[in-house]
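FYI, side chains are in, hydrogens and waters are out, and symmetry mates aren't considered; it's all heavy atoms of this structure. Not measured: the values here are computed from a predicted model. Proteins get letters first, then strands, A, B, ... in listed order; numbering begins at 1 in each.
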Amino acid sequence: MGGYISSQSVKKIIEINPYMLGTMAGGAADCQFWHRNLGIKCRLHELANKRRISVTGASKLLANILYSYRGMGLSVGTMIAGWDEKGPGLYYVDSEGGRLKGTKFSVGSGSPYAYGVLDSGYKYDLTIDEAAELARRAIYHATFRDGASGGVASVYHVGPNGWTKLSGDDVGELHYSYYPVEPAVVEQEMTEAVVA
Amino acid sequence: MECVFGMVGKGFALVVADTSAVNSILVHKSNEDKIMVLDSHKLMGASGEAGDRAQFTEYVQKNVALYQYRNGIPLTTKAAANFMRGELATALRKNPYMVNIVLAGFDRDTGPSLYFIDYIATLHKVDKAAFGYGSYFALSMMDRHYHQDMTVDEAIRLAEQCIEEIRSRLVVAPQNFVIKIVDEDGAREHSWRRTTRD
């Protein structure tokens, strides 16, 4: 349909299992389906091995699946975030077959805008609240400039006991909370003409 | 944009690669290690499409390990190079791997060796090799200053000169580089040349 916004309330953070999250960018159907499929494979791993799958393993499973469909038109740009025995893990996986381990990623059409805000405010030892606010701000700035980004900015925290949803703010409301409307300074006011 | 180059010295071989992971205009990471340690005495610097690079290099690494488990002795560098070339050639007309590889190895009987393997399964045993836009600068640099039986310090110096040339002349030059070396003591990371910290 070209430039048409069909929904402003799409859940772009997919809950793979209680301690792992996946993000959605690219094709919504592809992301939802393959994350669900990944969740199934992770559960099967748990049943077969009597232990949770690592974030490394889960991201590799997804990357290998996407690699095998390379060139067939899948569109997936995702981050797998989770907590395992080695602590927090973050991987970027895409439908080209790429898989990168890192501490900070931004994906999607608005990602360059988000990177700018993210890079300037990032430190490894941010508190949870500081990190959440940085993330929220980065999403907001991306939606401000990128026409294909918008709706709701969801922020989740992933800790040793799994993920929790911290916030889900409409970006329009975020705009006015960051940049409240100032009453305009009156420069020149019209007055009645002086009657001679 | 991606640069990989290598050279042979006296009793060692060197491979240098940039460490940027890029997606169109975005740099996702600037500390991505693209030189895989194939086994105790082999290094494989790879550049190419994201998925292909990681998948093909890991496939080669696992097969090299499998050969050693099955036969009790490791593959020679020449055999590993020919194996890689064969896999690239087989896949070429169906589902090509878009990966260019510089393979460096040290064998007890033949000493250090370097192989140039490109994505259309060309294989050459060489003294110096380079891939990517950086090769336009690195190759002439190496042609001018390289000589047989260089010491490690001389080779590192030459690698640094190549990196500096790429940094100053290439329009979208990578930020960081990693240098790995293989000699009779094995394959290991030598050092990094950074301009940014990730």
Those residues of residues 128-138 of chain A that come under 4.5 Å of chain B on a heavy-atom basis, listed by number, are none
- Task: Dump the intermediate steps for side chain to side chain contact (heavy atoms under 4.5 Å, CB included) on B:N176 and B:T195, then the final yes or no.
- Result: CA-CA 6 Å; B:N176 302 331; B:T195 52; 3.8 Å; yes
In the single-linkage hydrophobic clustering (I, L, V, M, F, W, Y; side-chain heavy atoms under 4.5 Å), do B:M7 and B:V126 co-cluster?
yes
Checklist line | Non-hydrogen side-chain atoms of B:L103 and B:M84 separated by less than 4.5 Å | finding: yes
Applying a strict 4.5 Å limit to non-hydrogen atoms, the region of A:Y122 in contact with chain B is neither
Scored by heavy-atom pairs under 4.5 Å with chain A, the best of B:I25, B:N95, B:D52 is B:D52
_In the structure I gave you, are the side-chain heavy atoms of B:P174 and B:I166 within less than 4.5 Å of one another anywhere?_
yes
Side chain to side chain contact (heavy atoms under 4.5 Å, CB included) between B:Y119 and B:F131, worked out
CA-CA 11 Å; B:Y119 74 103; B:F131 280 113; over 6 Å; no
**Check: B:K78 and B:Y115 side chains under 4.5 Å, non-hydrogen atoms** = yes
Shared ILVMFWY cluster between B:L14 and B:I117, side chains joined below 4.5 angstrom? no
- request: Dump the intermediate steps for side chain to side chain contact (heavy atoms under 4.5 Å, CB included) on A:Q8 and A:D170, then the final yes or no.
  value: CA-CA 9 Å; A:Q8 290 276 38; A:D170 182 292; 6.0 Å; no
Notebook entry, point to check: Which class fits the ring pair B:Y97 and B:F56: parallel under 30°, tilted 30 to 60°, perpendicular over 60°?
Noted result: tilted
Filtered by a 4.5 Å non-hydrogen cutoff, the part of residues 37-74 of chain A contacting chain B is A:K60, A:A63, A:N64, A:Y67, A:R70
Turns out that what part of B:N23 lies under 4.5 Å from chain A's heavy atoms comes down to side chain
### Message
Is any side-chain heavy atom of B:Q148 closer than 4.5 Å to one of B:D127?
### Response
yes
When the 4.5 angstrom heavy-atom criterion is applied to A:S106 and chain B, the contacting part is backbone
Less than 6.0 angstrom separating the ring centers of A:F105 and A:Y91, yes or no? no
